[in-house]
2 protein chains.
Amino acid sequence: MDAWLAYLTASHLLERRIEEQLKADSGLTHSQYEILTRLSSAPGQRMRMTELARLVVVSKSGLTYQVGQLEKIGLVERVSCPSDERGVMAVLTGEGLRCLEKTAPGHLAVVRAFLIDHFGPDELTSMTRIMRKVASAMGAAVPPSGTSVGPGEG
Amino acid sequence: MDAWLAYLTASHLLERRIEEQLKADSGLTHSQYEILTRLSSAPGQRMRMTELARLVVVSKSGLTYQVGQLEKIGLVERVSCPSDERGVMAVLTGEGLRCLEKTAPGHLAVVRAFLIDHFGPDELTSMTRIMRKVASAMGAAVPPSGTSVGPGEG
DNA sequence: TACGGTTTGTTCAAATTTGAACCAGCCGCT
DNA sequence: AGCGGCTGGTTCAAATTTGAACAAACCGTA
């Protein structure tokens, strides 16, 4: 399982680098940055909490916490959902957008320099295709009481 | 940056799956499992704390904490280093080894089912080679006060 | 041998993350 | 309309992680 070991080490190191750069450059956490990114590309720069949590791959409570932090510093706003009384939408503020625009270049530079640039063009498309498969294989099937090893419904 | 998004999502989901399976199957955290694994393949099933922290890619204090946990449940033991008075070696106990042997198959099954099996043979060797490159690009150079984007010393 | 600079591991406070418990609001069925 | 089950978000306690501060021990040099 050399592949797994290499992958694991690389991803840990990369995560550490990203966290470090993001913190130094903008004071944001990687989670927070991901939240802003997702919001920025959503219609109306807004999204329901649950949906956002699903996309960012974080627990509901984790998202509540981070959106709270982002709200505190004015990058995100909470508005109640018109179609669903209990629902909450996280909305990217103007300041949030500016922060993202200011931060993105440095972040992407790190991602490119340390990950993307190590792939050849063909390898990059392969990796993308495969990672999409990997993600979609897990996105749906989540067995409730799960020791299960095999995919729940493939 | 579709590649990055796919990679990021897949790796988060995979991590979640692994954590879930490991917890259900053995009560271990992924960090803890990684520690045991590294120890098991070290000469004498033992390793200096700092070296272990470097391999597992975790902070020194983080390792201290987790080794403490593992010691509490008897899977790891601390012995002072003969050659360096201040040094501490983490040693895998017999029980630790048995636990690892019991847990590994299920873990590897998850890793294979959700990640490895999505690669073709050539793609897997490519990925391994690339991830090794990625890791080694970051393994050494860690600029102290670092916004820096470029690798410090290659 | 004694000294200054490094390295080692731990302790500490603070931040983050998770799952369980919980309430409020939605939806299908009667 | 009223009931029962489900979903959406938050709150809570507990676990984990990190960086900074610290004490002990190492090393090269005088």
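Throughout, a chain's letter reflects where its sequence line sits, starting with A, and its residues are numbered from 1. Computed from heavy atoms alone, side chains included, the values below leave out hydrogens, waters and symmetry copies. The structure displayed is predicted, hence computed values, not measured ones.
Taking a 4.0 Å limit (strictly below) on heavy-atom distances, residues 50-69 of chain B reaches DNA chain C at B:T50, B:K60, B:S61, B:T64. Contacts between residues 80-91 of chain B and DNA chain C, counted as heavy-atom distances below 4.0 Å, involve B:R86, B:G87, B:V88.
Nearest heavy-atom pair across B:M131 and A:L115 is CE-CD1, 4.3 Å.
Using a cutoff of 4.0 Å between basic side-chain nitrogens and carboxylate oxygens, A:E123 and B:R129 are scored as salt-bridged. Electrostatic pairing of B:K102 and B:D25 does not count as a salt bridge here, judged by no charged N lying under 4.0 Å from a carboxylate O. For B:E101 and B:R98, the salt-bridge test fails: no basic side-chain N is under 4.0 Å from an acidic carboxylate O.
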Quick one: do A:R54 and A:E51 satisfy salt bridge (charged side-chain N to carboxylate O under 4.0 Å, His left out)? Show the steps, please.
CA-CA 5 Å; A:R54 195 178 60 77; A:E51 174 72 353; 3.1 Å; yes

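Using cut-offs of 30° and 60° for the angle between ring planes, the A:H30 and B:W4 rings count as parallel.
Rounding to the nearest 0.5 Å places OH of A:Y33 at 4.5 Å from NE2 of A:H107.
The hydrophobic cluster containing A:L63 does not contain A:V79, counting ILVMFWY residues as joined when their side-chain heavy atoms lie under 4.5 angstrom apart, directly or transitively. One hydrophobic cluster holds both A:M49 and A:L92 under the rule that ILVMFWY side chains link at heavy-atom gaps under 4.5 Å. Under the 4.5 Å side-chain heavy-atom criterion for Ile, Leu, Val, Met, Phe, Trp and Tyr, B:L39 and B:M89 are members of distinct hydrophobic clusters.
Counting to the nearest Å, the P atom of C:dG9 and the CE atom of B:M47 are 12 Å from each other.
With a heavy-atom cut-off of 4.0 Å to chain A, the contacted part of DNA chain D has its first and last nucleotide at D:dT7 to D:dT11.
Residue contacts for B:R78: at a heavy-atom cut-off of 4.0 Å it reaches the sugar-phosphate backbone alone, with no base atom in range.
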